[in-house]
Amino acid sequence: MQLSVFTLALSLLAVVSALPLAVRDVFVPPVTSPKTGDIWAVGSKQNVTWDISDAPAQITNPNGTIVLAKGGRLDLKHPLASNFSILDGWHEVTVPSVPAGDDYTIVLFGDSGNDSENFTIAPAMLAAEIEL
Ligand SMILES: *[C@@H]1O[C@H](CO)[C@@H](O)[C@H](O)[C@H]1NC(C)=O
Ligand SMILES: *[C@@H]1O[C@H](CO)[C@@H](O)[C@H](O)[C@H]1NC(C)=O
Ligand SMILES: *[C@@H]1O[C@H](CO)[C@@H](O)[C@H](O)[C@H]1NC(C)=O
Ligand SMILES: *[C@@H]1O[C@H](CO)[C@@H](O)[C@H](O)[C@H]1NC(C)=O
Ligand SMILES: *[C@@H]1O[C@H](CO)[C@@H](O)[C@H](O)[C@H]1NC(C)=O
């Protein structure tokens, strides 16, 4: 029993010490906004925010790109923003003129991508009514 606990501890140690080497420069910042329940009006300016508290000291690619996805399908041809520092933690985007829907997500790319929770894009007029 003690031996297996010791072995487990050893292998955990091995994993922990191997991890920083393997993922050292790969930073996948979790998107914190938009989130479920958010409604973005077409044409409005919105902030995409992400958590940079786990950012490593060195990042291979500090250039971020923000892509809109609908139903999990990324619109890679029309990024909402690019060429900003992934260490900023937020970036303002203008909601493009896309069909209304509640299955939109924002995908943030640096070294790798992370997607937001699903949120809603509403036509400019409808969203204005909802906000009233
Ligand atoms: C993206 O962020 C979420 C929330 O923090 C996290 O659970 C998930 O593992 C991340 N995805 C990747 C591919 O790192
Ligand atoms: C986005 O966040 C920045 C910094 O907090 C703020 O200055 C800016 O006004 C925000 N923009 C919008 C559209 O909320
Ligand atoms: C977002 O919506 C898509 C398509 O409707 C669904 O497959 C996915 O599980 C949803 N994701 C979350 C985080 O709710
Ligand atoms: C990217 O951003 C950098 C720093 O802000 C700027 O010097 C450069 O001109 C930008 N490149 C493009 C293609 O916009
Ligand atoms: C993005 O990458 C380009 C080319 O590699 C570089 O010139 C630019 O300064 C970078 N922008 C930022 C904000 O880091």
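Start at 1 with the first residue, then count along the sequence. For ligands, and for the atoms within them, numbers begin at 1 and follow the listed sequence.
Listed for the S85 side chain is a donor-acceptor partner under 3.5 Å among the backbone atoms of L87. Between the side chain of T105 and the backbone N or O of N118, no donor-acceptor pair lies under 3.5 Å.
For a threshold of 3.5 Å applied to N or O pairs, the pair formed by Q46 and ligand 2 contains no separation below that value.
The protein heavy-atom contact nearest to atom 11 (N) of ligand 2 is E92 OE2, 2.8 Å. Looking only at heavy atoms of the protein, atom 7 (O) of ligand 2 is closest to W90 CH2, 4.4 Å. The shortest contact between atom 10 (C) of ligand 2 and any protein heavy atom is with N47 ND2, 2.6 Å.
Less than 4.0 angstrom separates atom 5 (O) of ligand 2 from none of the non-hydrogen atoms of the protein.
In the model, D51 has a side-chain atom that pairs as donor or acceptor with a side-chain atom of S53 under 3.5 Å.
Taking each heavy atom of P96 and L68 in turn, the nearest pair found is CG-CD2, 3.9 Å.
Within the 6.0 Å centre-distance limit, the rings of F84 and W50 are counted as a close aromatic pair.
Those atoms of ligand 2 that come under 4.0 Å of a heavy atom in K45, given as number and element, are 13 (C).
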